[in-house]
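For reference, the structure discussed in these notes is given below.
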Amino acid sequence: QEVAENEDGYSITLLPFEAEGDSFENMVILQVPADALEGGLTAADLVKGTEVSAVSKGIATMSLPPQVPVLALMPYQASVE
């Protein structure tokens, strides 16, 4: 949805895959340190429409939308069955 660069890295507002609609209540903000980009992902790749996988600390804020601290952000790859 939206990527903003800040002094610590990036703030990425997005809709999770299973979320429906474009409601603010369905969004999540990923707080991504600049050194958390992995798997060949670069700052130039962080544009609307890019699918990513995130490894988080598992702790989100209670705000709307929730903010999730990210340990690693990489290109999304669908699992092959």
Side-chain angles (χ1 to χ4, degrees):
Q1 294 284 346
E2 180 180 314
V3 177
E5 191 168 356
N6 57 44
E7 62 187 38
D8 298 321
Y10 308 94
S11 180
I12 303 171
T13 304
L14 54 84
L15 283 170
F17 283 133
E18 63 275 356
E20 294 185 15
D22 201 16
S23 171
F24 189 70
E25 295 173 352
N26 293 333
M27 293 183 181
V28 173
I29 297 176
L30 302 180
Q31 298 295 346
V32 183
D35 62 354
L37 301 180
E38 296 187 5
L41 196 66
T42 67
D45 296 324
L46 300 179
V47 296
K48 186 175 182 175
T50 300
E51 295 179 348
V52 295
S53 293
V55 176
S56 75
K57 293 181 181 180
I59 301 170
T61 63
M62 296 297 291
S63 61
L64 279 179
Q67 297 184 34
V68 180
V70 172
L71 297 172
L73 191 72
M74 60 213 78
Y76 174 75
Q77 294 181 356
S79 61
V80 177
E81 294 183 26

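The hydrophobic clustering, which links ILVMFWY residues whose side-chain heavy atoms are closer than 4.5 Å, places Ile12 and Val28 together. If you chain together hydrophobic residues whose side chains sit under 4.5 Å apart, Val3 and Val32 fall into the same group.
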Can you give each donor-acceptor pair under 3.5 Å made by side-chain atoms of residues 62-70, sequence neighbours left out, with the distance rounded to 0.1 Å?
unit_1, atom_1, unit_2, atom_2, d
Ser63, OG, Thr61, OG1, 2.8
Ser63, OG, Pro65, O, 3.0
Gln67, OE1, Gln31, NE2, 2.9

For residues 36-43, dump all side-chain donor-acceptor pairs below 3.5 Å to protein atoms at least two apart in sequence or in another chain.
unit_1, atom_1, unit_2, atom_2, d
Thr42, OG1, Ala44, N, 3.4
Thr42, OG1, Asp45, OD2, 3.2

Which atom pairs, one a donor and one an acceptor, fall under 3.5 Å between side chains of residues 52-59 and the rest of the protein, sequence neighbours left out?
unit_1, atom_1, unit_2, atom_2, d
Ser56, OG, Gly58, N, 3.0

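Residue Ser11 holds its OG atom at 8.0 Å from CD of Glu2, rounded to the nearest 0.5 Å. Summarising the geometry, atom CG belonging to Asp35 is positioned 12.0 Å from atom CG belonging to Leu73; distances are rounded to the nearest 0.5 Å.
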